[in-house]
Amino acid sequence: MSELLKTRDQKKEALKSLLLRIHEGESVESLKKEFQEVLSSISPLEIPIIEQELVKEGVSAKDIAKMCDLHVELVREAVAGTDELEERDLPDGHPLKIRYLENKEIMKDAEMLNLYARTLATTKDERMRKEILGVLEEIVGNLRKVGFTHYNRDEMLTFPYIERRGLTAIATVLWTKHDEIRFIVKHLYGLLSKRDEMPWEEFVERFKAKAGEASFALSDMVFRENNIYYPTLKALLSDGEWKAVRMQADEIGFYKVNPPAWDPGEDVKPLHPWEINPELSAEELLSLPKEVRAALEDKPLEFDKTSLKREGDIDLGTGYLNLEELKAIFEALPVDVTFIDRDDRVRFFSPGERIFDRTMSILGRPVQLCHPPKSVHIVNKILKAFKEGQKKEATFWLRLGPKYVYIKYVPLFDDAGNYIGTLEMTMDIAEYKAIEGEKRLLDWRD
């Protein structure tokens with residue numbers, strides 16, 4: 001035992017020496033080879049223990065984090081040696097490369113979470129506790145964003161492509177795992193925010209256990225993605241499909257990476273899920289990871305060949321509707337919509353919800369004549385500001401008996417930036433202002 005402790009002490013001192021050199025200004029990259037030699041001599045079970053001892057001895061969180069980057073690289077090479085090759089084979093900005101880079105950050109944060117949670121449980125010094133709690137709050141705050149960015153992009157952007165090809169089980173399993181991780185991390189966030197409401201010993205034990213659970217779940221998801229899901233995507237998705245994915249990714253966001261733009265070429269048309277041929281060739285089937293092929297032996301693929309655009313549909317830019325569906329949607333909206341064209345004439349009002357009286361007689365009428373004479377000068381000022389680009393909206397609210405009416409005017413422009421009219425939206429917000437708490441989809445009862 002004493003020999004084991006002596007050896008561990010030697011390894012710890014070697015790491016401390018390297019970390020001190022980082023602190024004094026040497027770059028991590030220049031010390032990478034020496035770090036790898038030391039870390040490769042330490043078992044995975046020893047690394048967390050040594051890291052914890054280093055924290056106790058006053059090594060800064062930032063320096064430990066830099067070492068964790070290298071540790072994660074070693075773990076990735078040992079567990080999934082093809083990841084680096086897969087990543088290097090992809091151009092910068094490619095959606096798949098972005099995912100591999102994000103997973104490096106997720107692995108590091110998962111490890112840091114577990115490390116600091118265990119250290120917190122054994123720390124007696126109040127100052128150190130406060131510092132560690134600050135680090136944990138930052139880590140957990142970051143990890144909450146994994147669900148909003150990294151997982152959400154696959155759920156909204158890549159899952160539809162494999163579902164179209166009949167691989168619905170993969171998407172279902174991964175989404176279930178995503179939600180489990182979201183729940184665990186949300187629980188961690190709640191524990192941190194309520195730590196003063198329970199005895200310290202109870203808090204740290206509960207937090208340490210939940211942090212370990214979160215760390216394992218996050219790491220497990222990285223392994224599933226890097227070794228099963230991403231190779232599946234690489235085997236199946238064309239440049240056109242990846243182009244469509246990349247075009248929409250910025251709207252959702254990324255986890256701790258700032259990727260450059262990527263375009264496979266102007267001649268490559270972006271392909272959305274409904275535009276692809278979902279059937280898989282024999283070559284594509286053989287290129288799938290063995291775990292996916294094994295699953296398909298029990299359940300043949302059911303390709304989704306549904307045609308999205310039908311004869312008579314109107315292309316609305318974000319989807320296709322026929323006239324009957326469009327009318328029904330306007331009728332169901334909890335908002336009263338009126339459109340005034342570029343010549344200030346009422347051209348349309350929605351059916352359904354009604355706050356102010358609307359009759360067919362007002363169609364074609366100058367909007368100024370639809371308001372009391374005393375307010376016409378304000379209407380003209382609003383329209384002038386819209387047409388000149390000085391204002392982007394005008395909002396008002398008033399009480400009409402039990403109703404609390406919210407009115408919003410917004411200018412509308414064509415793709416060239418030319419003014420084409422103004423939209424008036426009116427709704428009774430009284431019932432919405434009274435809402436409290438939460439009611440989620442899973443709370444619905446028939």
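Predicted model only: the values in this text are computed from it and were never measured.
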>> Applying side chain to side chain donor-acceptor pair (under 3.5 Å), can you list everything that pairs with Ser238, at least two apart in sequence or on another chain?
In response: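 Checked Ser238 against side chain to side chain donor-acceptor pair (under 3.5 Å); matches are Glu241.
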>> So, using side chain to side chain donor-acceptor pair (under 3.5 Å) as the criterion, who are the partners of Lys269 when residues are at least two apart?
In response: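 Applying side chain to side chain donor-acceptor pair (under 3.5 Å) to Lys269 gives Glu275.
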Spell out, as yes or no, whether a donor-acceptor pair under 3.5 Å connects the side chain of [X] to the backbone of [Y].
X: Asp313; Y: Arg310; result: yes
X: Glu163; Y: Thr168; result: no
X: Ser219; Y: Phe216; result: no
X: Asn114; Y: Ser215; result: no

Donor-acceptor contacts, no H, no angles, side chain residues 247-254, under 3.5 Å, sequence neighbours left out:
from   : atom 1 : to     : atom 2 : distance (Å)
Gln248 : NE2    : Ala244 : O      : 2.9
Asp250 : OD1    : Arg246 : NH1    : 2.9

Do any pairs count as a salt bridge (charged side-chain N to carboxylate O under 4.0 Å, His left out) and have a residue in [range], sequence neighbours left out, and if so which ones?
range: residues 181-193; value: Glu155-Arg182, Asp179-Arg182
range: residues 135-146; value: Glu137-Arg195
range: residues 404-415; value: Glu393-Lys408

> Would Arg224 and Asp220 pass as an ion pair if we require N to O under 4.0 Å?
Replying inline: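 Salt bridge between Arg224 and Asp220, a charged N being under 4.0 Å from a carboxylate O: yes.
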> Taking 4.0 angstrom as the limit, do Glu197 and Lys194 come out as a salt bridge?
Replying inline: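 No, Glu197 and Lys194 are not salt-bridged.
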>> Is the ring pair Tyr419/Phe413 parallel, tilted or perpendicular, if the boundaries are 30 and 60 degrees?
In response: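 Tyr419 and Phe413: perpendicular rings.
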> According to the ring-ring contact (aromatic ring centres under 6.0 Å, His included) rule, which pairs have a member within residues 137-157, sequence neighbours left out?
Replying inline: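 Counting only pairs at least two positions apart or across chains, the ring-ring contact (aromatic ring centres under 6.0 Å, His included) contacts touching residues 137-157 are Tyr151-His178.
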>> According to ring-ring contact (aromatic ring centres under 6.0 Å, His included), does anything in residues 261-281 pair up with another residue at least two apart or in another chain? List the pairs.
In response: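 Checked against ring-ring contact (aromatic ring centres under 6.0 Å, His included) - neighbours excluded - the pairs reaching residues 261-281 are His94-Trp262, His272-Trp274.
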Report, one line per pair, each donor and acceptor closer than 3.5 Å where one atom sits in a side chain of residues 316-323; sequence neighbours left out.
from   : atom 1 : to     : atom 2 : distance (Å)
Asn322 : OD1    : Glu324 : N      : 3.2
Asn322 : OD1    : Glu325 : N      : 2.8

> Is there side-chain contact between Arg153 and Ile98, with at least one heavy-atom pair below 4.5 Å?
Replying inline: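 In short, these two side chains touch, coming nearer than 4.5 Å.
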Could you check whether atom [atom1] of [X] has more than 12 heavy atoms from other residues, nucleotides or ligands sitting under 6.0 Å from it?
X: Arg129; atom1: CZ; answer: yes
X: Phe183; atom1: CZ; answer: no
X: Lys177; atom1: NZ; answer: no
X: Lys391; atom1: NZ; answer: no

>> Glu283: which residues meet the side chain to side chain contact (heavy atoms under 4.5 Å, CB included) condition with it, sequence neighbours left out?
In response: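 Once residues adjacent in sequence are excluded, the partners of Glu283 under the side chain to side chain contact (heavy atoms under 4.5 Å, CB included) criterion are Ser281.
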>> So, taking the atom named CG in Leu101 and the one named CG in Asp92, what distance separates them when rounded to the nearest 0.5 Å?
In response: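 Answer rounded to 0.5 Å: 8.0 Å.
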>> Rounded at 0.5 Å granularity, tell me how far CG in Leu120 sits from CD in Glu131.
In response: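 Atom-to-atom, Leu120:CG and Glu131:CD are 11.5 Å apart.
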> By ring pair (Phe, Tyr, Trp, His ring centres under 6.0 Å), which residues pair with Phe396, not counting sequence neighbours?
Replying inline: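 Phe396 satisfies ring pair (Phe, Tyr, Trp, His ring centres under 6.0 Å) with no other residue.
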>> The criterion is ring pair (Phe, Tyr, Trp, His ring centres under 6.0 Å); which residues satisfy it with Phe386, sequence neighbours excluded?
In response: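 For Phe386, no residue satisfies ring pair (Phe, Tyr, Trp, His ring centres under 6.0 Å) once neighbours in sequence are set aside.
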>> Looking at every non-hydrogen atom in both residues, tell me the closest pair between Ala171 and Phe159 and how far apart they are.
In response: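 Distance-wise, the nearest heavy atoms are O-CE2, 3.5 Å.
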